[in-house]
Amino acid sequence: MLPFLLWVGQLLLFAVGVSTDELLTALQNTDDCSSCLDFLATLKTVALSGNDPFIIAFTQLCIQLDVADPDVCTGLVAREGPILAHDLRSIGTTGQTARRLCDALMGQCVSKAVNPFIVPLPKSAPTQPDVLRSKGRPPLRVVHLSDVHIDRMYTVGAEANCTKPICCRDFSTQRPTVPAGPNGNAQCDSPISLADSMLAEIERIGPDFSIFTGDVVEHDTWLVTRPEATDALVSFNEEMARALSAPVFPSLGNHDSAPDNAFARTTSHTTNNSNWVYDTESIGWERWIGPNAASQVKHISGSYSVQVPGLKLRTVAVNTQMWYKQNYWLYDSDIPQPDPNGILAFMVKALQAAEDAGDPVWIIGHIPLGKEDTLPDQSNYYDQILQRYKNTITGQFFGHSHKDQFEIAYSNYSEQTAANAVGLGWIAPALTPTSGNPAFKVYDVDPDTFEIMDAKVYFTNISDPEFQIAPTWELYYSARDTYGPLVGLPPSAPLSPAFWHNLTEVFAVNDTAFQLFNTFITRGADVGACSGACVNSTICDMRAFRSQDNCDTPAQGLDLRRRSSVRATGVSKDSAECEGFGLASILSGAF
Ligand SMILES: *[C@@H]1O[C@H](CO)[C@@H](O)[C@H](O)[C@H]1NC(C)=O
Ligand SMILES: *[C@@H]1O[C@H](CO)[C@@H](O)[C@H](O)[C@H]1NC(C)=O
Ligand SMILES: *[C@@H]1O[C@H](CO)[C@@H](O)[C@H](O)[C@H]1NC(C)=O
Ligand SMILES: *[C@@H]1O[C@H](CO)[C@@H](O)[C@H](O)[C@H]1NC(C)=O
Ligand SMILES: *[C@@H]1O[C@H](CO)[C@@H](O)[C@H](O)[C@H]1NC(C)=O
Ligand SMILES: *[C@@H]1O[C@H](CO)[C@@H](O)[C@H](O)[C@H]1NC(C)=O
Ligand SMILES: *[C@@H]1O[C@H](CO)[C@@H](O)[C@H](O)[C@H]1NC(C)=O
């Protein structure tokens, strides 16, 4: 099948006047912004002749560069290639959008410059904001789970040490060298048994409610279909509903679509849209969020705002994929799109309504705003909203990185002090064992201020011999107990943005404390070494709620890491493992 396809591909490309060798040479000569734009121009020539030659050419590049198995190349490009071809046909090859594509695909033309845009706000901040006061009542308990990535085709006994982006499936008829155990493997996404085990533990802990920050579908980016993704979303909603007696407030992740990362703009000049995802989750989430919010999910690209039953708290869930660098649907216009699908405008509306009612808000989303994989524009615009509604927003919760992390927002990012710390993004660890031990967070929450009094991470140790018999979950650490004494946190004070800022100052001078954090990132498995410049950039990233402020400078090294992330490992420090194996993995394989 494949040699024939390649042969057809050569013919098609010949007809377009571009040979695979030419493409390969252009790609391999890409070492700066202008050569990247030249490469896009060559690719555009192919795209203009149709999706088929484009897919074949791209697949050949992938195979010749040996960045993945041929079937992985073929499946991935067939899924994601048409979006890129559509982009190239829709835009010029020298403008800002082309440069941003170079950034997203190849780490070239990287710029953190923001297109100036003032987010429209209905009212200015009240001069005398309502201040919520703690009455010292016993805390609520809230569970934060994320990135479950359940592989419903996980096969016990299948090869766990394969050459695909994820293993533990019947990819080969050969006798496995490392047979997959019943409950999971670091090379594979979560089996259902592991997810069930976590849900049972959450129910045992007995939260008042849970928040789920997305990514249900596994990393089979080269195989995923709409029916498979739909089934994954429906099934996990049902599993959560069966296992958990308290409500769940979910949000969509970048893998909760097919192809993954693909959430179209409603104004794109195509018939394609992601309504099937929003329709599926509108139905699946209604049991927890009610009919009004379910209708918002359907009409506001998966976003919603709802009162938590019985509490003076609203959750506002946002589709962060509309701001995601690897959502290739965002690159099909040369005109800047400040608010794709109106998610930012929806946030403003929901926050204004909450402020008017005197209700605090928790924001729930998948992708934290401060990393290099959020577009600097939308990250900056989101931050404008945060600055305006900082008295209303008492918590912001994300996942995506698979890591136990946090990001601090400041009223002035040039003056990063405890006094200027105005917001915090809490980032939950993942269930999937591909990036460290499976884990989730439990927050103690003041029921009057909805501030976080403690954040406890629970985990299961996949290296423990008992794990394959039955995963046992245990408290890994309490942030209050571990970090509180390091900054002299008073007993009744919350884990506020100022607390976390002060902790970063401790991390900068106390390497023992920093190394503890570094170990916690992956829950003690595959801990990445971090010293010197790595410590500085990690602390810089803790202080970056906007992506324009982080210290992730994608240099040549990023490309190499992306290549190795074909097999995502826990030690990888960049965002590639969140993306899964994608188009950028192919192009960066050339270096
Ligand atoms: C949009 O959908 C049409 C019809 O399903 C499909 O043929 C086309 O390839 C899609 N376009 C992209 C860019 O995915
Ligand atoms: C997995 O496969 C690689 C490459 O084939 C090999 O080097 C490695 O030793 C294997 N690991 C295990 C645990 O068998
Ligand atoms: C922000 O901090 C910088 C550096 O201290 C200072 O120069 C600037 O005036 C501050 N901006 C505002 C708006 O306070
Ligand atoms: C942070 O540190 C500053 C300066 O040492 C101190 O005034 C402030 O109380 C601390 N804040 C918290 C929440 O620990
Ligand atoms: C540094 O951090 C460690 C680990 O948390 C702690 O035990 C130690 O007391 C800290 N050192 C100082 C000087 O605060
Ligand atoms: C997990 O279990 C292994 C094997 O028993 C042990 O070496 C390791 O320290 C454990 N990890 C954690 C974080 O407890
Ligand atoms: C880390 O930051 C400190 C303080 O900002 C600086 O003195 C030091 O040189 C930096 N170290 C590295 C390796 O960049």
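The basis for the numbers below is simple: all heavy atoms, side chains too, and nothing from hydrogens, waters or symmetry mates.
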Under the rule for side-chain contact (heavy atoms from CB on, under 4.5 Å), what residues qualify as partners of Asp377, not counting sequence neighbours? Arg100, Val114, Asn115, Tyr381

Between Asp260 and Arg79 (salt bridge meaning N to carboxylate O under 4.0 Å), is one present in this structure? no

When the ring planes of Phe171 and Trp222 are compared, do they come out parallel, tilted or perpendicular, using 30° and 60° as the limits? tilted

Tell me, which pairs form a disulfide (SG to SG under 2.5 Å) where one or both residues lie in residues 60-100, sequence neighbours left out? Cys62-Cys73

Could you report the tightest heavy-atom contact between Leu431 and Pro438, atom names first, then the distance? O-CB, 3.1 Å

N-O pairing of Lys371 and Glu407 below 4.0 Å: yes

Could you tell me which non-hydrogen atom of Val224 sits nearest to which non-hydrogen atom of Pro259, and how far apart they are? CG1-CA, 4.4 Å

Which residues pass the side-chain contact (heavy atoms from CB on, under 4.5 Å) test with Thr213, not counting sequence neighbours? His144, Ser146, Ser251, Ile364, Phe397

side-chain contact (heavy atoms from CB on, under 4.5 Å) partners of Ala85, counting only residues at least two apart: Ala47, Asn51, Phe54, Arg89

Should the ring pair Phe545 and Tyr382 be called parallel, tilted or perpendicular, given that the plane angle runs from 0 to 90° and is split at 30 and 60? tilted

Cys109/Cys33 sulfur atoms closer than 2.5 Å: yes

Should the pair Arg523-Asp404 be classified as a salt bridge under the 4.0 Å nitrogen-to-oxygen rule? no

Please name all residues satisfying side-chain hydrogen bond (donor to acceptor under 3.5 Å, both in side chains) with Asp549, sequence neighbours left out, ordered by chain then number. Arg546

Check the SG atoms of Cys188 against those of Cys168: under 2.5 Å or not? yes

Which residues pass the side-chain contact (heavy atoms from CB on, under 4.5 Å) test with Ser172, not counting sequence neighbours? Gln174

Is it true that Gln378 and Thr374 share a donor-acceptor pair across their side chains at a distance under 3.5 Å? no

List the steps, then state whether side-chain hydrogen bond (donor to acceptor under 3.5 Å, both in side chains) holds for Asn254 with His366. CA-CA 8 Å; Asn254 60 301; His366 180 63; 2.9 Å; yes

